[in-house]
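All of these numbers come straight from a predicted model, not from anything done at the bench. Proteins get letters first, then strands, A, B, ... in listed order; numbering begins at 1 in each.
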6 protein chains.
Amino acid sequence: MNTLFIEKEIKYTGRELAPHWIYKNFHLQGDSIVAFLGEVEVKLSEMVDIEDVINNEPIYSKRMLNFIIEQFNVPLEQMVYNQRLFISIIKEVLESYNIKTKRKGDDLFYDDRKLSVSIATKSITSCLIHTALNIIKEGAPVKAADLSEMGIADVKEFALKILAKYSDEISSIKSATYKVRGIL
Amino acid sequence: MNTLFIEKEIKYTGRELAPHWIYKNFHLQGDSIVAFLGEVEVKLSEMVDIEDVINNEPIYSKRMLNFIIEQFNVPLEQMVYNQRLFISIIKEVLESYNIKTKRKGDDLFYDDRKLSVSIATKSITSCLIHTALNIIKEGAPVKAADLSEMGIADVKEFALKILAKYSDEISSIKSATYKVRGIL
Amino acid sequence: MNTLFIEKEIKYTGRELAPHWIYKNFHLQGDSIVAFLGEVEVKLSEMVDIEDVINNEPIYSKRMLNFIIEQFNVPLEQMVYNQRLFISIIKEVLESYNIKTKRKGDDLFYDDRKLSVSIATKSITSCLIHTALNIIKEGAPVKAADLSEMGIADVKEFALKILAKYSDEISSIKSATYKVRGIL
Amino acid sequence: MNTLFIEKEIKYTGRELAPHWIYKNFHLQGDSIVAFLGEVEVKLSEMVDIEDVINNEPIYSKRMLNFIIEQFNVPLEQMVYNQRLFISIIKEVLESYNIKTKRKGDDLFYDDRKLSVSIATKSITSCLIHTALNIIKEGAPVKAADLSEMGIADVKEFALKILAKYSDEISSIKSATYKVRGIL
Amino acid sequence: MNTLFIEKEIKYTGRELAPHWIYKNFHLQGDSIVAFLGEVEVKLSEMVDIEDVINNEPIYSKRMLNFIIEQFNVPLEQMVYNQRLFISIIKEVLESYNIKTKRKGDDLFYDDRKLSVSIATKSITSCLIHTALNIIKEGAPVKAADLSEMGIADVKEFALKILAKYSDEISSIKSATYKVRGIL
Amino acid sequence: MNTLFIEKEIKYTGRELAPHWIYKNFHLQGDSIVAFLGEVEVKLSEMVDIEDVINNEPIYSKRMLNFIIEQFNVPLEQMVYNQRLFISIIKEVLESYNIKTKRKGDDLFYDDRKLSVSIATKSITSCLIHTALNIIKEGAPVKAADLSEMGIADVKEFALKILAKYSDEISSIKSATYKVRGIL
């Protein structure tokens with residue numbers, strides 16, 4: 001799995017959650033996870049979560065730590081497992097900063113306030129995840145938490161830990177399928 | 001997903017990690033998770049983790065909280081994602097008791113001592129997971145932690161929370177595949 | 001599987017055979033079957049059956065009992081098995097009214113006249129089936145039969161029986177995969 | 001799909017429901033359906049339906065028309081759809097003799113008496129179905145119906161019709177996956 | 001597998017690599033391979049190989065022997081295996097003309113000059129391959145080889161051999177999955 | 001993909017074509033290909049090719065270059081594509097020695113005499129291939145060719161080239177699935 005922290009700020013609009021966006025823009029081929037900082041504004045027309053569209057809940061946050069993951073040759077259901085595990089990993093990295101959060105499905109909460117957004121979906125040739133954590137909560141449409149109030153000053157360092165831990169986890173999951181005998 | 005806490009103590013020997021063991025013994029048909037207490041002694045000849053066999057590491061623990069999960073129509077790789085998520089869920093339930101543990105792959109550690117064993121594998125018709133947590137650590141071959149020292153007196157209540165949370169998670173993952181549009 | 005008889009009449013144009021059409025319009029999430037009455041007019045540009053497009057056979061019927069089924073995480077081939085079985089179920093419900101029809105593939109015939117249209121296809125995230133039975137045959141481009149001439153006055157009641165029987169069948173098929181041991 | 005009516009009588013004991021049994025004995029390679037006549041006696045130790053084992057319901061019938069189907073490269077769930085469709089096809093062939101039966105899941109009933117037994121399961125490399133219809137009902141452990149009382153004298157001719165219809169259906173299902181455009 | 005040599009010249013622009021292009025234009029339903037001669041000009045906007053788009057390498061050749069393959073119900077990864085094998089088959093047919101080439105992945109080289117282009121991709125309902133061999137190398141953007149200089153005068157005969165050999169190979173691969181017992 | 005040339009001679013009896021044989025004996029975890037030299041004697045009871053069992057054709061060769069490949073999480077059909085490609089790769093490496101052979105399915109012929117044996121099959125958790133080339137043809141039950149008469153003195157060097165080329169091919173196939181856009 002390729003990992004990359006993108007130094008340049010990028011505004012996330014939803015159109016970045018597209019097959020080969022990582023490959024075309026950052027020339028990483030194959031299973032990849034990238035992180036970047038930037039404003040997030042996803043209009044209803046760009047949203048892939050139909051529940052949010054039905055509920056008329058577009059996404060806005062002034063500044064977020066964004067992750068985009070693309071994995072090939074996997075079914076959507078497995079990618080959702082992936083996404084849940086990715087949220088658990090973020091939670092675990094926060095714990096290494098002595099910050100306690102709660103995971104509910106694919107959401108993280110801090111002090112009962114929402115810290116994250118996340119979605120997993122499928123294209124013809126791959127599955128994709130977008131997950132983002134508020135850095136500055138102003139402007140978010142729901143009662144929000146953010147990384148600033150938690151005292152995470154070096155967001156890049158924080159992101160790098162998540163990238164590394166996710167990449168290790170995926171390798172270790174592959175390994176786990178290699179070492180067990182089938183049972184009768 | 002069926003859930004069941006089995007009141008009767010059962011010694012886990014490895015032979016219980018078999019397709020339809022839950023169905024034949026407890027008449028739960030289909031995707032199921034059960035929990036029970038009992039001694040754990042898995043001899044090398046019964047182990048499915050070939051790495052442990054190569055390293056000559058049989059499993060013994062005087063008393064453990066055991067979980068057996070069986071899910072049908074899933075590939076092994078997805079079941080390993082499942083297993084990791086299940087370990088995360090146990091960790092989260094421990095947090096609700098204000099107990100802090102660390103997850104490394106499919107293992108849980110408390111105070112750098114190993115609390116759990118876990119394996120996921122495949123039969124012809126299903127995938128299976130066994131996960132167990134020490135209740136009393138005496139006799140375990142490695143430096144171990146256990147639920148007793150953490151002050152979890154009501155192990156059944158603890159187990160029921162895990163059963164419920166896992167079952168909810170699986171439903172919610174299914175739902176997540178139903179509500180997203182595919183992308184081009 | 002969710003089931004719904006939609007009271008409102010809907011003209012079926014082919015654009016309704018779209019992923020999440022049921023979810024967006026009737027808020028049923030996941031595997032679902034809905035039934036509704038209405039005129040059917042599918043122009044060549046909206047048809048998914050390329051054979052019909054090649055043969056220049058658009059679909060028209062003044063009033064039909066329509067079914068739309070959406071199922072997630074299934075391959076197209078399985079959805080076609082599904083479709084054939086669904087046609088068998090309609091045939092069986094007709095038998096409970098003492099009406100004898102013949103099934104040829106995914107078509108039903110009454111007195112050698114065509115009673116139904118049906119198609120199964122695939123989107124990025126799901127598979128879909130549209131099946132419709134003539135209620136009033138006037139205007140159909142081929143020698144047709146309809147429910148009226150068979151004496152089915154209460155079309156809603158008839159539809160509800162089909163919805164229930166299909167939903168039961170799908171559950172029972174799932175169960176059948178849970179109770180058999182693999183063979184060597 | 002290969003089809004064969006085996007002239008020789010064969011006692012069905014359950015051990016015939018094995019991968020490549022058709023290939024090894026009748027030299028038909030690949031997806032195949034065969035029919036033969038004979039006594040049926042499946043002891044509990046040979047049964048693949050664990051529900052029947054739990055309920056202590058071995059199978060006995062003095063003389064049955066047996067079908068064994070083996071298909072490669074299909075998941076078990078699809079094979080169960082297959083099985084249901086196969087039962088529907090038998091029912092339809094019976095209708096061509098003006099005999100009315102009822103299908104409940106994978107069972108056929110005549111005059112509320114059970115006519116058939118059926119099971120679908122999976123080996124490492126294929127899926128298999130056994131379906132059998134009573135020819136002479138004496139000795140069956142449940143209230144049974146048989147082909148004799150229905151007046152089907154030429155059981156071979158009856159079997160050949162079923163073999164041909166099933167083989168055609170499978171081809172036509174394959175075709176149905178080739179002619180539809182995907183939808184967005 | 002259907003095979004067809006199309007007598008009419010067709011300019012290949014990339015838009016022909018579309019699901020059901022073979023079916024709609026030549027009425028071959030299902031898994032098919034067709035061959036035709038014609039100019040090849042694929043603009044960047046029509047290319048499916050994103051690597052070539054990134055490298056700004058559109059395709060042009062004055063006259064090529066083109067193959068389009070469409071196969072249903074296969075994953076993309078298998079289609080790439082397919083493609084590599086198809087290139088090996090072309091190489092083997094060239095050997096039957098006493099012409100020695102080298103295969104590197106999905107490319108064929110003659111005298112260290114590139115003879116072919118090839119791509120495999122996926123639609124919602126099928127996988128597709130386009131492979132083309134230079135007949136006249138003038139105008140190709142890279143140092144090229146062509147069939148003319150190799151002395152292959154009867155390109156149709158050459159194409160027919162490839163069509164037949166590929167079709168045989170696919171059948172024989174299917175057979176190979178039918179005749180092996182699974183192992184424990 | 002792990003690659004290993006095993007220095008020690010091993011007699012191949014068929015029992016080596018087992019899941020995790022490579023892992024248990026040579027501690028390579030995951031997708032792997034190994035090569036070794038040794039006598040080959042596969043009795044009918046150990047053969048996985050049922051066709052050979054039916055034809056009563058056990059395998060014997062005094063000394064062969066053996067390859068065993070194990071790959072996880074792949075369907076059998078893809079493994080057969082793999083096998084065919086592997087045979088093509090052996091053929092291509094022979095060409096680099098200026099030796100011309102003919103491939104027919106999964107067999108290689110030199111001067112119309114059989115050089116190789118090969119089989120691909122499936123276990124519960126993986127797929128496996130055994131391919132072997134005669135080094136000394138004496139004792140083979142059919143008209144055979146061998147590497148000795150072709151002048152390949154350094155069989156290890158020859159084997160290492162094949163291991164490297166196969167490993168590269170598999171990586172390059174993975175890559176090919178990462179770089180193409182899906183088509184509509």
Check against side-chain contact (heavy atoms from CB on, under 4.5 Å), C:F67 and C:V34: CA-CA 6 Å; C:F67 297 93; C:V34 299; over 6 Å; no

Gap between atom CD1 of B:I129 and atom CD1 of B:I119 - 0.5 Å precision: 10.0 Å

Minimum-distance pair of heavy atoms, taken over all atoms of B:I6 and B:I10: CG2-CD1, 4.1 Å

Quick check - list every chain C-chain B donor-acceptor pair under 3.5 angstrom, one line each.
residue : atom : partner : partner atom : Å
C:H20   : NE2  : B:Y178  : O            : 3.0
C:H20   : NE2  : B:V180  : O            : 3.4
C:N73   : ND2  : B:T177  : OG1          : 3.3
C:T177  : OG1  : B:N73   : ND2          : 3.3
C:Y178  : O    : B:H20   : NE2          : 3.0
C:V180  : O    : B:H20   : NE2          : 3.4

Separation of B:L44 CG from B:I50 CD1 (nearest 0.5 Å): 12.5 Å

Closest-packed option against chain C by number of heavy-atom pairs under 4.5 Å, given B:L184, B:V180, B:I183: B:V180

Interatomic distance, C:F5 atom CZ to C:I162 atom CD1 [nearest 0.5 angstrom]: 10.5 Å

C:M150 and C:L115: CA distance, side-chain angles, deciding distance, side-chain contact (heavy atoms from CB on, under 4.5 Å) verdict: CA-CA 11 Å; C:M150 297 174 186; C:L115 175 63; 3.5 Å; yes

